[in-house]
Structures are given as structure tokens and as C-alpha cells.
Amino acid sequence: MDEPLPLRPRHRTAARAGGLLLIVPAVIAACRILDTDAVTPVPQLLSLLPWLTVPAALAALLAMAARRRALSILAVVVLATTAWSALPYMPQLITSYGLPLARVRVLAANIEFGDATGALIDTIRRERPQLVFASECDRACGHTLTSTFATELPHHASVDADGSAGSVLLSAYPLRDEGVIPAAMGMPGATAEIAGLPVRLQLAHPLPPLPGRVDAWKRELGRIETVAAGRPYDEPFLLAGDFNASQDHAAFRAILDRGRLQDAARLARTSRTPTWPTEGPVPPYVQIDHVLVSDDFSVARIRFPALAGSDHRAVLADLDLRGGR
């Protein structure tokens, strides 16, 4: 058996650099394939999954330049896995039942401690949504929104609290059966009557997966999953807000799977449009704001307008509620 040729110094350096570059993409791609969010720093790095193809590709080039076959094969496998994992989650299934009963425009926005209240008001006036899911809407923000749109959006369900804990759901349709998912930040819900059908509405705003809070993040996403999974099969369901999770997080995909829901952005082929962060030196790189729908809805259009004063883009979705199953 032939002994491997000794590495030249530059080849050794290239092999070492390639191996180091491969560590993070390999670990994160493996967690994605194994359907786990694991522990810090995996949940945080999963948000960067599509971008990890860059170090994986560099690692493959360095491994080839170093003429290390085993490392090259491993790097190519990791690159392929990372690229595959970055594809939109779930097939693009559009299932429509009967004719559209109503066109519903939905606006979901994180307004960052109420700082983007003015921008949200301008957006509502311009876009005229029938449903608004506003998270991080403090007491002053909630009062401003409900009084400003007392005619256009006269119904609301809210969690009245300071800072990021406050949230409000504004509706052009009458609301009943109000409830709240227990969480550190407000997640109100209610049932709206739209075109004669009861439609369950739920605002989502779990904690972010910060180091030291990953367990709480998983727990609150799990509560959202439980609510989605427990809804009556024949009840239209609309779940929207800042999920602090992308399609690359197992806890987010579990909500889709168990709740029989689809991401409106996926249906509109925009599931990789980043919504966060829109402030600071780093450009937006991950979509964590979502509108999820049951198959009672089809998606006509979706946009992601900027909100001055917020570190999130909003999600603006035109949905058709369908009937006659």
C-alpha cells in the first residue's frame, strides 16, 4: 500500500485552513439534516445557514488545492448538504377549495418597543389591511393604534404591557373568544367572522434564541405548535408575527407540520426574503417574520415593506379565503 505523499508547507496550510473553515458549516448542516436545533450556538448559527455555503465552498477549494482527497470529499459533501438545506422548506403546495369568499389583506409587524408606531400608521393608511398583527407594541402604541383606526379597524385583542411585552391584533371584522398564549411577550389571539366563516387568528412573538434563553425559546415555540396542532381541522387558521425563527429551525418547521400550515412567503416563492435585521451595520440576512395559513387560504401576493424605527421588515400578504370544501 502506497504511503501518502508528505504535504508541502503551503499544502499543509491550505489543508488546515480548509479544515477549520469546514467545522461550522458541517455542524450546522448536520443539525439541519437531523432536524434539531440543539444548543447554543446552533440555533443562532442556523439563521445563517444559506450563507454557510460560502465557507463550505472555500473549504472545498482549499482541500482540493492541498490535494487531500478525504478532506476534499468531505468538503464537497458538506457544501452539497449546506446548499440543499438552504432550499425552501416544504413543497410548494397550493390547495384551493371552492371559490374565493373574501380577499383579506394581512399586515404583520414588529415595531420595536413602539418606536415604529408612526411608520406603522403610515403603512396601514397606505395599504389598508383588514388585519394587523403588531408585536412589541407598548401601552402608548396600543392606545395610539386603536384610537387612530377606531373606524377602519374597530375590533382588537391585545396584551397591554410595556416595552416588547405589549402586542395588539387589530381587525376590521368582529372578534370573539379572545385568548393569550402564555409567554414573556404578548401573543393574543381571537376568532374573527369573515365572509360568514369563523377564522382563528393568532399573533406569534416568542422569545429570541439568545444564549441562555434557548430553552425558553423552544418552550414558547412549542406552545405555539400546541395551539396550531389543537385547532379544529375545519376551522380556517391564520398565524402571524415575529417568530424569532426561520425555516431552518426545527421548532418552526414543527409548527408548520403539526398545524398543517404553510408559510405564505413559501407559496409566493419569497421564503428567503430577509426581514431582519434592518438596523445596524449588518444587512438583513434571515426571514423570521411570517404569515402562516391553513389550506383554507390561497396567497395572491406578499410584500415586505420597511418600517422606519423598527429592526424588522413587515410582512404584507393578500390572502383569499376560500369555502365550499
Side-chain angles (χ1 to χ4, degrees), residues 104-125 127-194 198-208 210 213 216-217 219-224 226-228 231 237-245 276 288-292 307-316:
V104 183
R105 177 165 288 181
V106 177
L107 177 64
N110 179 316
I111 49 179
E112 196 176 6
F113 305 103
D115 291 346
T117 301
L120 180 63
I121 288 173
D122 292 342
T123 302
I124 294 173
R125 284 175 172 160
E127 302 295 347
R128 300 182 182 276
Q130 286 80 46
L131 296 171
V132 176
F133 297 76
S135 53
E136 296 198 20
C137 180
D138 60 12
R139 297 178 195 275
C141 161
H143 174 74
T144 300
L145 291 179
T146 53
S147 59
T148 301
F149 298 105
T151 300
E152 301 92 334
L153 302 167
H155 312 283
H156 68 274
S158 63
V159 173
D160 299 321
D162 296 322
S164 63
S167 290
V168 62
L169 197 169
L170 302 174
S171 173
Y173 312 102
L175 299 178
R176 57 180 172 81
D177 300 331
E178 297 180 17
V180 176
I181 296 177
M185 297 184 287
M187 295 200 282
T191 298
E193 195 78 18
I194 304 177
V199 178
R200 188 64 189 176
L201 312 175
Q202 180 62 55
L203 186 149
H205 192 208
L207 285 167
L210 298 173
R213 290 190 174 183
W217 169 75
R219 185 164 54 250
E220 292 189 359
L221 283 170
R223 290 172 185 162
I224 298 172
T226 298
V227 168
R231 71 177 181 87
F237 189 52
L238 204 162
L239 174 60
D242 169 15
F243 286 75
N244 278 309
W276 182 88
I288 59 175
D289 302 88
H290 308 276
V291 172
L292 308 185
L307 290 177
S310 175
D311 58 345
H312 291 249
R313 287 176 179 165
V315 184
L316 185 66

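Keep in mind the model is a prediction, meaning the values are calculated, not measured.
Residues passing the side chain to side chain donor-acceptor pair (under 3.5 Å) test with Arg213: none are found, sequence neighbours excluded. Partners of Glu136 by side chain to side chain donor-acceptor pair (under 3.5 Å), not counting sequence neighbours, listed by chain and number: Asn110.
Residues Arg128 and Ile124 are not in side-chain contact: their nearest non-hydrogen atoms beyond the backbone lie 4.5 Å or more apart. No side-chain heavy atom of Val168 sits less than 4.5 Å from a side-chain heavy atom of Pro188. Side-chain contact between Leu170 and Thr146: present, with at least one pair of heavy atoms (C-beta onward) separated by less than 4.5 Å. Tyr173 places a side-chain heavy atom less than 4.5 Å from the side chain of Val104. Here the side chains of Val199 and Phe237 are not in contact, with every heavy-atom distance at 4.5 Å or above.
For the pair Arg231 (side chain) and Arg200 (backbone), a donor-acceptor distance under 3.5 Å is absent. Side-chain atoms of Glu127 never come within 3.5 Å of backbone atoms of Leu316 as a donor-acceptor pair (strictly under, hydrogens ignored).
Closest heavy-atom contact between His205 and Ser135: ND1-CB, 3.7 Å. Taking every heavy atom of both residues into account, Leu203 and Met187 meet most closely at O-CB, 3.3 Å.
The aromatic rings of Phe243 and His290 lie perpendicular to each other, with more than 60° between the two planes, well past the 30° mark.
Taking the charged nitrogens against the carboxylate oxygens, Arg313 and Asp289 have no contact shorter than 4.0 Å, which rules out a salt bridge.
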